[in-house]
Amino acid sequence: MNTPKRYSNFNATMAIAKASFRSITRSPSAVVFSLAFPLIFIVVFANIGGSGVSVDVAVAKTCDTTGPVYSALKKNPLVHFITNKTTAEMATSLSRGDIAAIINIQKNNTLPLYTINVQYSNASAQKGGVFKSELTNLYFRINSSTNNAPPTVAEVRSTTIKGREYKYIDFLLPGMLGFSLLSSGVFGTAFVFLSLRLTLVIKRFFATPVKKYSIVLGEALARLVFSLLGAVFIILVGHYWFGFTLIHGVVTVLNMLVLASIGLIIFMGFGFVISGIAKNESSVPPISNIITMPQFLLSGTFFSVTAFPVWLQTISKILPLTYLNDAMREVAFEGAGLGDVTHQLLILGAWFIGIYAVAVKTFKWE
């Protein structure tokens, strides 16, 4: 007579663990949230200001860039020279506080050998103060470099222009508004149309004379109205409670709402694509986050993309949210009209064409 084999709880535990582990590794959500997102955060935040705090300084077109003064400043890890702006762009950036100063080093035939002309703005007093401190240290170091040196090798001449204060809310609010539109367009659209398909609601629609475009337009219109009402609320709260700049008042708000509408329509295209490729509702969040999270981190929501190294800035310049944020900031703070942000609108238009071309091929009605 055979003795019954004892039940092994250990084997049962290990079998459950094995099956559970297999299920986790096959779950897109687990892979994305456990591995992908931590890596994305590490890459992004490890590269922000990798060389420490830095200030942006524009270099005038007539600046001497061959002498020791310029070379010494360029080696300073706190100073980031900008050389690709026109004179007008430099003046605009300085007046709104985007840069710390404009420097123009002139080489002389007599003493002092170098004259360092620096223009500051009260719109960037803090950043200008950092650069002024570094420039003062360099000034004393150059003039006392050798015992046999002339008494004054370089002199500094500075002026300060009056600029409009560029507050953090002026940077933050357009970014948060853009991300709100991105989240609403991607997550909302993806969940709604996937749910309509899985619950066979769309099939029931087809039993009526309703057209396909009516279903899409109806949902899009509802989301557009809701998002625009939310945008108005965010803008008004930011303006009246936190001093968000609306340079032309109601006209600026209307221009921002037009941009918000364009952005939402583009982001809804991502939602249509996701609803077509997702097999169930649990796969929507990880796919959506793969699209939204890089834009949230790299499109200038909380901080300028100039804080990133060049290779990350290249990625930022591809993302549609970057151009929406830039356009909204120019309209709100600088008083630009829609005709002044045609570059951003053209990029967004290209995204519109591309994403809806993909959506047409991937979207499923059944």
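For the numbers below, each heavy atom of this structure counts, side chains included, while hydrogens, waters and symmetry mates do not.
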Distance only, no hydrogens: is a donor on one side chain within 3.5 Å (strictly under) of an acceptor on the other, for [X] and [Y]?
| X | Y | answer |
| --- | --- | --- |
| Lys317 | Thr322 | no |
| Asp64 | Thr66 | yes |
| Asn108 | Thr110 | no |
| Thr245 | Asp170 | yes |

Would the distance check show the side chain of [X] and the main-chain N or O of [Y] forming a donor-acceptor pair, the cut-off being under 3.5 Å?
| X | Y | result |
| --- | --- | --- |
| Ser180 | Met176 | no |
| Ser121 | Leu94 | yes |
| Ser299 | Phe296 | no |
| Thr362 | Val358 | yes |
| Asn325 | Met328 | no |
| Gln295 | Leu321 | yes |
| Arg197 | Val192 | no |
| Asp340 | Gly337 | yes |
| Ser288 | Val284 | yes |
| His239 | Phe244 | yes |

- Relative to the ring of Phe193, is the ring of Phe272 parallel (under 30°), tilted (30 to 60°) or perpendicular (over 60°)? perpendicular

- Hey, what's the ring geometry for Phe191 with Phe187, parallel, tilted or perpendicular (30° and 60° as the breaks)? parallel

- In chain order, what residues pass the side chain to side chain donor-acceptor pair (under 3.5 Å) check against Asp326, with sequence neighbours excluded? none

- When Asn76, Ile99, Ile103, Leu78 are each screened for side-chain contact (heavy atoms from CB on, under 4.5 Å) with Phe131, the one that passes is Ile103

- Is the Trp351 to Tyr356 ring centre distance short of 6.0 Å? no

- Under 6.0 Å between the ring centres of Tyr70 and Phe81? yes

Determine whether [X] and [Y] make a side-chain contact, defined as any pair of heavy atoms from C-beta on separated by less than 4.5 Å.
| X | Y | result |
| --- | --- | --- |
| Thr115 | Ile105 | no |
| Val253 | Val251 | no |
| Leu182 | Leu264 | no |

- Run the numbers on Ile266 and Leu324 for side-chain contact (heavy atoms from CB on, under 4.5 Å), then give the verdict. CA-CA 10 Å; Ile266 293 170; Leu324 180 64; over 6 Å; no

- Query: When rounded to the nearest 0.5 angstrom, what distance separates CG in Leu298 from CD in Gln313?
  - Reply: 10.5 Å

- Message: If you count every heavy atom of other residues, nucleotides or ligands that lies below 6.0 Å from Lys74 atom NZ, does the total exceed 12?
- Response: no

